[in-house]
Number of protein chains: 2
Amino acid sequence: MHRVIPQASDDRHVRYEAMPDDALERALATLREGGHRVTGARRAVIETLAELDGHPGAEDLCERIRQRYPAVHRATVYRTLETLAAIGVVTHVHISGGATAYHLASEAGARPHLHASCRTCGSIMDLPDGMLDSVSRDLLEAHGFELDPRHVALSGTCKDCRGAG
Amino acid sequence: MHRVIPQASDDRHVRYEAMPDDALERALATLREGGHRVTGARRAVIETLAELDGHPGAEDLCERIRQRYPAVHRATVYRTLETLAAIGVVTHVHISGGATAYHLASEAGARPHLHASCRTCGSIMDLPDGMLDSVSRDLLEAHGFELDPRHVALSGTCKDCRGAG
DNA sequence: TTATGTGCAAACTGTTTGCGCGAAG
DNA sequence: CTTCGCGCAAACAGTTTGCACATAA
């Protein structure tokens with residue numbers, strides 16, 4: 001695969017707000033620094049990640065990628081996400097009863113944070129990073145357990161669903 | 001080949017360890033009260049649940065059940081667990097990257113509690129139920145989100161694995 | 001008798017893996 | 001030219017579902 005990327009000028013549902021190219025180039029640099037190769041598939045994954053809002057799962061990414069780069073295979077997306085996670089370019093959070101959600105670590109406004117997912121509607125909300133600090137401390141002191149609060153989303157019912165229910 | 005291990009074939013009350021009959025009968029009563037039928041498969045699931053220590057997943061249960069009641073199908077185990085959960089006879093916790101864990105709600109020493117699972121070794125530990133109370137309060141006040149702290153296990157690294165790592 | 005539960009096979013979601021080819025370096 | 005990454009198919013774990021038959025009430 002070569003750098004023949006149909007950077008659509010006719011994009012109807014693609015918004016380039018925060019200019020992903022910047023994030024893209026930084027990600028590619030990190031990839032090179034780690035001794036990894038820069039490939040079309042990897043560009044595609046990073047670019048798509050930069051473009052998608054919310055908390056897309058791997059399958060969401062696959063679907064979106066397929067629209068522009070039909071040659072990029074699902075398995076490659078998974079492998080790429082794994083690689084990118086390993087070098088810190090993307091972060092992921094496991095959602096109870098759903099797909100793992102990914103986003104670029106360097107995304108604008110994406111400093112470290114926690115997640116909570118709604119059991120009813122599946123929506124995911126971001127939470128302040130320090131929210132579980134005291135629990136973490138407790139857990140470590142009392143049980144020797146080192147909590148990784150960013151690794152899994154908390155579960156419950158969101159505002160809207162509480163209202164509706 | 002007889003009785004290397006005490007077996008229950010058509011004998012309903014073979015019990016080599018103490019007591020699950022009590023929990024079993026209570027569970028069956030709840031089942032009846034809810035207008036559900038008492039069946040062999042349901043007995044098998046409850047009995048096995050009472051017997052297994054730790055935090056077995058549905059597949060663990062299936063395997064154990066198959067040893068004694070080979071006719072009970074995996075799908076039935078899942079459906080039974082769903083039913084029992086609905087009427088409050090069993091509780092379940094979703095484990096990140098693993099199987100949902102079940103246990104009898106009425107089990108000895110099984111008052112409500114939280115769980116944490118080790119990302120490295122997969123072990124599951126019980127935690128005091130109130131551990132996330134202040135976080136719950138925060139979440140509700142600040143974000144309108146109603147946390148269900150028993151629904152998902154916290155994730156991190158257990159004492160042993162921290163030592164080893 | 002009759003609704004409810006069951007066994008079975010098959011689908012399903014999310015993810016991983018072995019294989020040989022092709023392309024990045 | 002030598003790896004590393006790729007596409008592909010297939011396997012995988014955990015769980016759910018449609019169907020026809022069995023059975024508890």
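Side chains are part of it too, since the values below use all heavy atoms of this structure and drop only hydrogens, waters and symmetry mates. Throughout, protein chains are lettered first and strands after them, A, B, ... in sequence-line order, and every chain is numbered starting at 1.
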If you look only at pairs with a residue in residues 120-139 of chain A, which of them pass as a salt bridge (Lys or Arg N to Asp or Glu O under 4.0 Å), with sequence neighbours excluded?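 Sorted result for residues 120-139 of chain A: A/Asp129-A/Arg150.
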
May I ask you to decide whether B/Arg42 forms a salt bridge with B/Glu47, counting only side-chain N to carboxylate O separations under 4.0 Å?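 The answer is no: the pair does not qualify as a salt bridge.
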
Taking 4.0 angstrom as the limit, do A/Glu59 and A/Arg66 come out as a salt bridge?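 Result for this pair is no, no salt bridge flagged.
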
Nearest-Å distance, [atom1] ([X]) to [atom2] ([N])?
{"X": "A/Arg42", "N": "D/dC4", "atom1": "CZ", "atom2": "P", "answer": "11 Å"}
{"X": "B/Asp60", "N": "D/dT15", "atom1": "CG", "atom2": "C1'", "answer": "14 Å"}
{"X": "A/Ile87", "N": "D/dG5", "atom1": "CD1", "atom2": "C1'", "answer": "14 Å"}
{"X": "B/Leu61", "N": "D/dT15", "atom1": "CG", "atom2": "C1'", "answer": "14 Å"}
{"X": "A/Leu28", "N": "D/dG5", "atom1": "CG", "atom2": "C1'", "answer": "15 Å"}

How does each nucleotide of nucleotides 11-19 of chain C score, in 5' to 3' order, for protein heavy atoms under 4.0 Å: base (B), sugar-phosphate only (S), or none (-)? ---SBBBB-

At 10 degrees resolution, what angle do the end axes of the helix from C/dT1-D/dA25 to C/dG25-D/dC1 form when each is taken over five base pairs?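 The two end axes of the helix from C/dT1-D/dA25 to C/dG25-D/dC1 meet at 30°.
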
For a quick test of your reading: what N or O donor-acceptor pairs under 3.5 Å do the side chains of residues 116-124 of chain A make, sequence neighbours left out?
{"unit_1": "A/Arg119", "atom_1": "NE", "unit_2": "B/His151", "atom_2": "NE2", "d": "3.2"}
{"unit_1": "A/Arg119", "atom_1": "NH1", "unit_2": "B/Asp148", "atom_2": "OD2", "d": "2.4"}
{"unit_1": "A/Arg119", "atom_1": "NH2", "unit_2": "B/His151", "atom_2": "NE2", "d": "3.2"}

Full working for side-chain contact (heavy atoms from CB on, under 4.5 Å) between A/Val77 and A/Ile65: CA-CA 9 Å; A/Val77 173; A/Ile65 286 170; 3.9 Å; yes

For residues 80-92 of chain B, tabulate all N or O donor-acceptor pairs below 3.5 Å that involve a side-chain atom, not counting sequence neighbours.
{"unit_1": "B/Thr80", "atom_1": "OG1", "unit_2": "B/Thr76", "atom_2": "O", "d": "2.7"}
{"unit_1": "B/Thr83", "atom_1": "OG1", "unit_2": "B/Arg79", "atom_2": "O", "d": "3.0"}
{"unit_1": "B/Thr91", "atom_1": "OG1", "unit_2": "B/His103", "atom_2": "ND1", "d": "3.2"}

Check: A/Phe145 and B/Lys159 side chains under 4.5 Å, non-hydrogen atoms: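 No, every pair of side-chain atoms sits at 4.5 Å or beyond.
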
Hey, is the main chain of [Y] close enough, under 3.5 Å, to the side chain of [X] for a donor-acceptor pair?
{"X": "B/His143", "Y": "B/Glu141", "answer": "no"}
{"X": "A/Arg162", "Y": "B/Gly144", "answer": "yes"}
{"X": "A/Arg32", "Y": "A/Val38", "answer": "no"}

Between B/Asp60 and B/Arg64, is a salt bridge (charged side-chain N to carboxylate O under 4.0 Å, His left out) present by the stated rule, with each step listed? CA-CA 6 Å; B/Asp60 299 320; B/Arg64 181 60 170 263; over 6 Å; no

Enumerate all atom pairs, one protein N or O and one N or O from nucleotides 21-25 of chain D, separated by less than 3.5 Å.
{"unit_1": "D/dA24", "atom_1": "O3'", "unit_2": "B/Val38", "atom_2": "O", "d": "3.4"}
{"unit_1": "D/dA24", "atom_1": "N3", "unit_2": "B/Arg37", "atom_2": "NH1", "d": "3.3"}
{"unit_1": "D/dA25", "atom_1": "OP1", "unit_2": "B/Val38", "atom_2": "N", "d": "3.0"}

